[in-house]
Amino acid sequence: MSEHEEFLLENSFEKFRASQIFTHLYKHRFQSFSEFFLVSQELRNFLNENFIINSLFPENIQYSKDGTTKFLFRLNDGAAIESVLIPAETLDEDPKLKRLTLCVSSQVGCALNCSFCATGKLGYKRNLEPSEIVDQVLQVEKETQKKISNIVFMGMGEPLHNLENVVKAIDILSNSVSKIISRKKITISTAGIVPKIIELADIPKPVKLAISLHSTTNGVRQKIMPIAKKWNIQDLRKSIVEYYRKTNIPITYEYILFDGLNNSLDDAKRLAKFSRTVPSKVNIIPFHDISFTNPTGFAKDLKPASRDQIQKFVEQLKHLGVNVYVRTSSGEDIDAACGQLAYSIKS
Ligand code: SF4
């Protein structure tokens, strides 16, 4: 029995009403309980007294010249998060695929403080509720009147630090009643929370996994991502092997290329070897400016690899047989690109 059915029974309503409520909320997307025509007046009143339908509101929408759209959502407790809508063209994908990817947030802020990321500078505020994750999708579809085809958990926060609520949100989004999106079109990206990667492998119908890798040596990785001091590259590798063994889903590695830090021929060779551990692809990502966060220490000295350096690194990887793609800088002019999400620092 689902927790929704249990809740209804505990409150003296039939459990089959849960599916009707789902239909009203996620299929019809009603904005008021008074529209819930399948349920009794008594249940409508009960819902009205105990719940609200919208958990977030679009406060600001910014449009990039490349077609990317950034949404600032205000939550009911006054906190804010950002979501980014990215059309296929800006990801260098075939426009005929008509892919529309939504990058969703899983937390308010983030505890991990990766040196290249503006969100990390906010610190951790709180986990998002499942409804706050699902509502990012519903609100963006409502605002744009477009159907989202892919969801990536690459917005604000480390999704595996909020695994329970992220999985609940995925269950709602891919539910047979809501049918908002197929689980095959959902990717969770992690900085490498090893035990949670293993846990994620065990959920029914697992989703795609992306690893924020950025270096294959412990020394450099620990400088870029403090979490790598807790879970080293060897542990991470083992968890990836386990994830693939259990799910049979190829892994995506995200690799931000920095000038003089992780872009040598040796780096390419090590990355090629690492990526062969299980079937995978590598996304090379340009480093995006986060000087608006006034970075200090190691973060202050990070420099983006040049276009030529990126091209050379990619050619080396291709030569080594790696399935590699270069991600373009979607929405950089509106600070919506990878690593740039940080509403409060800018406002
Ligand atoms: S990159 Fe992801 S995990 Fe790292 S600080 Fe930013 S939001 Fe957190």
Side-chain angles (χ1 to χ4, degrees), residues 70-73 79-84 86 101-128 132-133 136 151-163 165-166 187-197 200 208-215 220-233 236 239-240 252-258 261-262 283-300 302 304 327 329-332 335-346:
K70 182 166 84 168
F71 298 81
L72 172 72
F73 290 113
I81 51 163
E82 290 174 336
S83 319
V84 180
I86 313 162
T101 301
L102 186 67
C103 177
V104 294
S105 294
S106 55
Q107 297 182 307
V108 181
C110 182
L112 296 193
N113 199 19
C114 301
S115 54
F116 53 83
C117 174
T119 306
K121 309 291 173 264
L122 299 173
Y124 168 77
K125 306 277 195 288
R126 72 171 173 86
N127 282 336
L128 292 188
E132 292 168 328
I133 297 170
Q136 293 172 62
I151 291 174
V152 291
F153 281 83
M154 294 184 189
M156 303 173 94
E158 164 53 61
L160 296 191
H161 271 178
N162 187 18
L163 182 56
N165 288 351
V166 165
T187 303
I188 291 182
S189 175
T190 177
I193 315 296
V194 165
K196 295 287 175 182
I197 291 174
L200 185 67
K208 289 191 228 171
L209 179 68
I211 305 287
S212 249
L213 191 62
H214 314 311
S215 172
V220 172
R221 202 158 183 272
Q222 284 168 9
K223 281 189 193 161
I224 304 174
M225 312 169 77
I227 191 67
K229 290 179 192 149
K230 190 162 183 188
W231 312 112
N232 66 30
I233 197 85
L236 181 59
S239 71
I240 290 166
T252 299
Y253 298 108
E254 311 287 351
Y255 197 98
I256 299 178
L257 209 61
F258 300 98
L261 186 68
N262 61 355
N283 282 336
I284 300 295
I285 306 170
F287 173 48
H288 300 117
D289 177 40
I290 56 161
S291 55
F292 59 85
T293 65
N294 297 319
T296 53
F298 179 75
K300 183 165 60 71
L302 287 174
R327 288 254 302 272
S329 304
S330 312
E332 195 177 8
D335 295 336
C338 191
Q340 288 187 311
L341 301 186
Y343 58 89
S344 60
I345 291 176
K346 290 227 67 174

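Atoms within a ligand are numbered from 1 in the order they appear, just like the ligands themselves. Note that this is a predicted model, so its numbers are computed, not measured.
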### Query
Between Glu82 (side chain) and Lys70 (backbone), is there a donor-acceptor pair under 3.5 Å?
no

### Task
Please list all pairs passing the salt bridge (Lys or Arg N to Asp or Glu O under 4.0 Å) test where one or both residues lie in residues 188-197, with sequence neighbours left out.
Lys196-Glu199

### Query
Counting distance only, does the side-chain N/O of Ser105 pair as donor-acceptor with the main-chain N or O of Gln107 below 3.5 Å?
no

### Query
Hey, does Leu128 have a side-chain heavy atom less than 4.5 Å from the side chain of Val104?
no

### Query
Does Asn162 use its side chain to pair, donor to acceptor, with the backbone of Asn127 at less than 3.5 Å?
no

### Task
Keeping waters out of it, list the protein N, O or S atoms under 2.8 Å from atom 6 (Fe) of ligand 1.
Cys117 SG

### Query
Is any side-chain heavy atom of Glu254 less than 4.5 Å from a side-chain heavy atom of Thr252?
yes

